[in-house]
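Shown next, in structure tokens, is the structure this report addresses.
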Amino acid sequence: MPSKMRDCNFNRFLNEILTFNREDFFFGMKKHNFFAGPSILSDFAIKNTADAVLDFAGTGLSILEISHRSKEFEAIMTKATQLFKELLDVPAEYEVVFVGGGASMQFCMVPYNLMVKKAAYIDSGAWASKAIKEAKFFGEVDVVASSKADNYSYIPKNFVVADDVDYLHYTSNNTIFGTQTKTDLDVNARLVCDMSSDIFSRPIDISKYDVIYGGAQKNLGPAGLAFAIVRKDALGKTERPIPTMLDYRTHVKEGSMYNTPPCLQVYTILQTLEWYKAQGGVAGMQKLNEAKAALLYDEIDRNRLFKSSVTVEEDRSLMNICFIMNDEYKELEGAFQSLASSKGILGIKGHRSVGGFRASTYNALPISSVQVLVDAMKEFEKTV
Ligand SMILES: *Cc1c(COP(=O)(O)O)cnc(C)c1O
């Protein structure tokens with residue numbers, strides 16, 4: 001129970017929050033949140049954040065109005081950074097920073113800081129292609145592989161990386177197209193990876209990477225922040241001047257507090273990380289994610305109405321499961337969407353560039369929600 005109450009009018013609301021159960025809260029109908037981002041967070045993270053909005057750490061102030069230089073908030077930033085490192089086993093030569101601008105800002109920060117002359121990029125989806133566009137502002141970009149001609153329905157492989165590139169950039173999970181590279185690449189170059197939509201979903205061999213980055217709003221917290229895991233030795237190689245806020249060294253040196261960080265987002269990120277730890281860390285998440293994905297892909301493969309939109313089975317994402325209706329049932333998409341909505345299943349409409357459906361099964365999504373979706377698919381099949 002928070003130690004101070006700002007206003008007695010909050011009493012009733014606060015009580016509801018402290019006994020918060022999303023099932024009761026939304027008129028008895030449980031919502032199953034399959035949105036691609038912003039996306040589901042654990043009840044633990046939501047509840048603790050709501051609590052801190054009313055009274056942060058017993059200060060009598062809201063996390064929304066507290067000074068980022070207060071010792072209470074500085075402790076949150078330190079803990080979030082430490083736990084981030086602990087859960088991913090980040091080696092000592094790396095630093096973890098939180099910066100504004102989302103993953104899209106990282107598309108330019110990476111080449112700004114790391115590209116001396118030339119970098120290799122894999123074009124595996126819409127986000128990869130945006131990263132390539134930004135990199136071209138800074139030097140020579142070798143697009144070593146692309147699946148664009150096939151609407152990114154698989155992960156392009158069998159590419160050759162020149163010896164003289166500064167790094168190879170790839171997107172581990174293609175959020176829009178539902179494809180994923182599930183292991184750390186094994187190539188003759190330092191790696192840079194956009195892990196926006198699958199960070200903390202599996203253990204990573206960080207030592208292969210110079211930078212791993214991503215937006216917070218898929219597996220970590222609310223939108224508004226990006227994380228970057230940066231190998232400190234990789235910085236300072238380029239001679240181009242880098243504006244202060246876009247220089248990783250600024251954020252490394254200042255512990256992500258060079259300017260005012262979004263305190264609420266950092267607070268929620270810490271709650272998510274604590275929840276991960278309690279769930280067995282990234283190994284626990286990986287197991288859960290594999291079970292959820294197996295349940296849904298098995299049904300997609302079994303059900304005569306649906307099929308996967310990913311053409312190479314091993315490339316199927318464990319985070320964003322894309323499926324479409326078989327050609328002869330195409331006109332039933334709307335009807336299935338309605339049935340799903342009636343069961344509290346939200347956010348399964350596919351991205352406009354793929355069509356069909358996309359069920360995002362991020363870390364915080366319980367397997368029971370996947371079961372509800374699978375049951376709806378079975379029920380729908382019987383009506384056709
Ligand atoms: C969502 C997403 C982005 C964009 O993130 P922003 O924070 O909105 O800039 C980039 N890359 C991937 C893989 C994503 O899933």
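Counting convention: from 1, in listed order, for ligands and their atoms alike.
- Looking from atom 15 (O) of ligand 1 to the surrounding protein, the closest heavy atom is T175 OG1, 2.4 Å.
- S153 pairs by the side chain to side chain donor-acceptor pair (under 3.5 Å) definition with T311, not counting sequence neighbours.
- In this pair, F84 and F227 present their aromatic rings tilted. The plane angle is within the 30 to 60° band.
- Between the side chain of N303 and the backbone N or O of E299 there is no donor-acceptor pair closer than 3.5 Å.
- Geometrically, ligand 1 and K218 share a nitrogen or oxygen pair separated by less than 3.5 Å.
- Taken to the nearest 0.5 Å, the OH atom of Y121 stands 8.0 Å off from the CD1 atom of I132.
- When only non-hydrogen protein atoms are considered, atom 5 (O) of ligand 1 lies nearest to A103 CB, 3.4 Å.
- Between N173 and ligand 1 there is a heavy-atom distance shorter than 4.0 Å.
- Of the protein's non-hydrogen atoms, the one nearest atom 11 (N) of ligand 1 is D194 OD2, 2.6 Å.
- The closest protein non-hydrogen atom to atom 8 (O) of ligand 1 is Q217 NE2, 3.3 Å.
- Listed by atom number, the atoms of ligand 1 under 4.0 Å from T171 heavy atoms are 13 (C).
- Not a single heavy atom of M195 sits closer than 4.0 Å to an atom of ligand 1.
- By the salt bridge (Lys or Arg N to Asp or Glu O under 4.0 Å) test, E314 pairs with K157, sequence neighbours left out.
- Ligand-side atoms of ligand 1 in range of F107: 10 (C), range being under 4.0 angstrom from any heavy atom.
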Start with the C-alpha gap between Y209 and D184, add the side-chain angles, then the distance that decides, and say whether side chain to side chain donor-acceptor pair (under 3.5 Å) holds.
-> CA-CA 9 Å; Y209 298 83; D184 306 299; 2.6 Å; yes
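- Ring geometry for F138 versus Y112: interplanar angle of 30 to 60°, hence tilted.
- Atom numbering of ligand 1 starts at 1 in the shown order; those under 4.0 Å from a heavy atom of S197 are 15 (O).
- Ranking the protein heavy atoms by distance from atom 9 (O) of ligand 1 puts S104 OG, 2.6 Å first.
- Side-chain contact check for Q180 versus N320: every heavy-atom pair is 4.5 Å or farther apart.
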